[in-house]
Amino acid sequence: METRQQGFLDSQPLREADEDLASEVSLNNSNMTEEEREEILQEMTKLEEEISTLKQVLLSKEKQHAELKQKLGITPLSEFRNNFSRGWQDMQSSTAYKKTSETLSTAGQKTSAAFSNFGSAITRKFGDMRNSPSFRSFEEKVENTVSTIKTKVGGTGTGGSFEEVLSSAANASSQETPTNNLTDISEKPC
């Protein structure tokens, strides 16, 4: 366990046993005269009285300080906020924070550039894939199938490009979607 050392500002005054112990120690010192011993004891008593007075003054000042804070509306929470704010500002102005911030900023810029390059590469690959012979063959088969279906269903067999077919399908599906958004939400299926 940890032992606590007592200092001058402890809340308990010296007891008689402590004074007796001091007297015994002084008596063992044979080089001291009775007058010197009496003088030291008086000085010690005077110091104890001063210590007691200083404790009382300190308590009074602390009470006055608390009353002034209360008049100003300073609460422990607001003090904590101010201390936290001040600590945060101190931390932000530290060199370690600045170096870390710069490093993270640089890392963010490099990551952003990497994702941008990755996106460009994917776009380029999709473009290359779309221009590939196998995709062209697939596109032609889809166009032929759509053209055949239109002809059999009763439409004119104009066909069209893959983009035209997709846009016509998108237009058809948007026309089938109801445009009345004022229906009750509870009536819509989840």
Side-chain angles (χ1 to χ4, degrees), residues 1-7 9 58-59 61-190:
M1 276 195 246
E2 183 179 307
T3 58
R4 184 175 160 255
Q5 290 186 347
Q6 295 182 343
L9 296 178
L58 180 61
L59 286 174
K61 294 291 182 183
E62 286 176 342
K63 183 179 177 183
Q64 184 181 7
H65 184 253
E67 289 171 356
L68 291 174
K69 279 184 177 180
Q70 186 179 10
K71 285 181 181 178
L72 289 173
I74 299 173
T75 62
L77 180 61
S78 66
E79 276 187 286
F80 175 75
R81 262 191 258 143
N82 289 338
N83 289 341
F84 183 77
S85 214
R86 195 175 310 118
W88 179 251
Q89 289 172 351
D90 291 346
M91 185 192 66
Q92 285 181 325
S93 64
S94 71
T95 56
Y97 179 84
K98 288 178 182 176
K99 286 181 181 178
T100 303
S101 178
E102 289 171 3
T103 302
L104 290 176
S105 175
T106 303
Q109 290 171 353
K110 288 181 179 179
T111 303
S112 177
F115 279 125
S116 176
N117 290 339
F118 180 71
S120 298
I122 288 178
T123 303
R124 188 173 45 252
K125 288 291 182 186
F126 279 138
D128 293 346
M129 182 180 80
R130 189 164 183 211
N131 293 329
S132 71
S134 58
F135 188 81
R136 288 284 179 198
S137 171
F138 175 74
E139 186 178 31
E140 287 174 8
K141 286 180 184 177
V142 169
E143 287 175 357
N144 289 336
T145 304
V146 169
S147 172
T148 304
I149 291 173
K150 279 185 173 181
T151 309
K152 286 184 180 180
V153 172
T156 58
T158 59
S161 70
F162 186 65
E163 287 89 8
E164 291 172 349
V165 171
L166 286 178
S167 71
S168 69
N171 287 337
S173 68
S174 68
Q175 289 174 355
E176 292 173 7
T177 307
T179 58
N180 186 1
N181 293 332
L182 299 176
T183 59
D184 188 20
I185 294 175
S186 62
E187 295 176 3
K188 292 184 180 180
C190 293

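Rounded to the nearest 0.5 angstrom, Asn117 CG and Ile122 CD1 are separated by 11.5 Å. In this structure, OG1 on Thr123 lies 10.5 Å from CG on Asp128, to the nearest 0.5 angstrom. Residue Phe80 holds its CZ atom at 11.0 Å from OG of Ser85, rounded to the nearest 0.5 Å.
Ring planes of Phe135 and Phe138: tilted class, angle from 30 to 60°.
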Please list every donor-acceptor pair under 3.5 Å in which a side-chain atom of residues 102-112 meets a protein atom from a residue at least two apart or in another chain.
from, atom 1, to, atom 2, distance (Å)
Thr103, OG1, Lys99, O, 2.8
Thr106, OG1, Glu102, O, 2.9
Thr111, OG1, Ala107, O, 2.8

With a cut-off of 3.5 Å and sequence neighbours excluded, list every side-chain donor-acceptor pair involving residues 65-75.
from, atom 1, to, atom 2, distance (Å)
Lys69, NZ, Glu79, OE1, 3.1
Lys69, NZ, Glu79, OE2, 2.6
Thr75, OG1, Ser78, N, 3.1
Thr75, OG1, Ser78, OG, 3.4

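Contact of the Glu62 side chain with the Leu58 side chain is registered, since non-hydrogen atoms from C-beta on lie closer than 4.5 Å. Under the 4.5 Å side-chain criterion, counting only non-hydrogen atoms from C-beta, Lys141 is in contact with Ser137.
Side-chain N or O atoms of Ser101 include none that pairs as donor or acceptor with a backbone N or O of Tyr97 at under 3.5 Å. Judged by distance alone, the side chain of Thr151 and the main-chain N or O of Ser147 form a donor-acceptor pair under 3.5 Å.
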